[in-house]
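A short write-up of the structure that comes next.
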Amino acid sequence: METTVANRLQNIKASLPLHVTLIAVSKTKPIESILEAYTSGHRDFGENYVQELVDKYAQLPKDIRWHFIGHLQSNKAKYIVPFTHLIHGIDSLSLLKEVNKQALKNNKIQDCLLQVHIAEEETKFGFDASELEDPATLNTLATFSNIRIRGLMAMASNTNDTEHLKTEFSDLKTLFDTLKTHTIPNLNMEILSCGMSSDYPLAIAHGSTMIRIGSSIFGEREYKH
Ligand SMILES: *Cc1c(COP(=O)(O)O)cnc(C)c1O
């Protein structure tokens with residue numbers, strides 16, 4: 001059988017435990033590929049770039065649940081808050097403050113994930129675990145009435161070293177479980193978003209409930225230089 005976007009997506013989906021949600025990461029990919037996945041029944045899509053997400057939102061069916069998984073600059077939050085289902089990459093309180101302001105304007109409660117820095121690479125964004133365990137951070141978070149934190153998001157190191165990846169994923173799970181014990185009304189630790197094409201089985205084995213898969217569904221990405 002010919003492998004198409006829809007085949008690859010449905011094969012991955014069929015292999016997942018029921019509690020794991022698959023986000024199809026469609027960044028840089030054309031509308032036609034997204035529609036192919038959509039027509040096969042998929043509704044959760046992830047994008048990294050604000051302009052690209054806004055353009056795709058305008059052109060595609062309105063029952064798609066859009067996940068913003070990239071690095072969000074505060075001044076761009078206003079473009080995506082009106083329609084985005086879940087913002088994964090919240091990496092500072094100042095960004096959260098701006099998202100809260102935009103959510104208030106749009107009369108919605110914006111679901112968000114806090115991005116945690118777990119990888120060795122300096123370039124990956126996110127809070128340090130210690131910042132999220134700090135009561136001051138959690139107290140500030142509690143004041144954002146139009147934000148609901150649904151869980152954590154992370155990107156593991158770009159390595160084949162399985163033992164190293166296991167350590168990163170299990171540290172993340174420990175932090176997730178610790179935050180679960182807090183009784184802050186707008187902090188609901190239900191979603192653990194980690195795992196990409198290269199490492200998702202390991203992420204699931206360590207408690208991931210949401211995986212973000214791009215190249216294994218849509219093929220390798222080509223970037224314009
Ligand atoms: C691009 C991207 C993915 C998907 O990566 P693949 O390796 O193509 O599966 C997942 N998460 C984030 C944050 C990304 O930027």
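In each ligand, atom 1 is the first atom listed, and ligand 1 is the first ligand listed. All figures in this text were calculated on a predicted structure; none of them were measured in a lab.
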Distance-only polar pair, side chains of His85 and Asp111, donor-acceptor under 3.5 Å:
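Judged by distance alone, the side chains do not pair up.
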Consider only side-chain N and O atoms of Asp55 and Tyr49, and report whether a donor and an acceptor are under 3.5 Å apart.
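No.
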Sole residue of Met210, Arg148, Met153 in side-chain contact (heavy atoms from CB on, under 4.5 Å) with Leu86:
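Checked Met210, Arg148, Met153 against Leu86; only one passes side-chain contact (heavy atoms from CB on, under 4.5 Å): Met210.
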Arg43, Glu47, His42 screened by side-chain contact (heavy atoms from CB on, under 4.5 Å) with Phe45, the one that passes:
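Going through Arg43, Glu47, His42 one by one, the side-chain contact (heavy atoms from CB on, under 4.5 Å) with Phe45 is satisfied by His42 alone.
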Below 4.0 angstrom from a heavy atom of [X], which ligand 1 atoms are there? Numbered from 1 as shown, please.
| X | answer |
| --- | --- |
| Gly214 | 4 (C), 6 (P), 8 (O), 9 (O) |
| Asn48 | 14 (C), 15 (O) |
| Ile213 | 9 (O) |
| Arg212 | 4 (C), 9 (O), 10 (C), 11 (N), 12 (C), 13 (C) |

In Å, rounded to the nearest 0.5 Å, how long is the span from [atom1] of [X] to [atom2] of [Y]?
| X | Y | atom1 | atom2 | answer |
| --- | --- | --- | --- | --- |
| Met189 | Thr181 | CE | OG1 | 10.0 Å |
| Glu131 | Leu138 | CD | CG | 11.0 Å |
| Ser208 | Leu192 | OG | CG | 5.5 Å |

Which segment of Ile69 sits under 4.0 Å of ligand 1 when only heavy atoms are counted:
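Contact part for Ile69 vs ligand 1: both backbone and side chain.
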Part of His88 within contact of ligand 1 (heavy atoms, under 4.0 Å):
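The answer is neither; His88 stays 4.0 Å or more away.
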I need the nearest protein heavy-atom contact for [atom]: residue, atom name and distance, please.
| atom | result |
| --- | --- |
| atom 9 (O) of ligand 1 | Ser197 OG, 2.5 Å |
| atom 1 (C) of ligand 1 | Lys27 NZ, 1.4 Å |
| atom 7 (O) of ligand 1 | Ser215 OG, 3.7 Å |
| atom 5 (O) of ligand 1 | Met196 CE, 3.6 Å |

Glu52 (side chain) donor-acceptor with Thr28 (main chain) under 3.5 angstrom:
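Yes, because the side chain of Glu52 sits within donor-acceptor range (under 3.5 Å) of the backbone of Thr28.
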Is the shortest distance from a heavy atom of Arg221 to ligand 1 less than 4.0 Å?
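Judged by the 4.0 Å heavy-atom criterion, Arg221 does count as contacting ligand 1.
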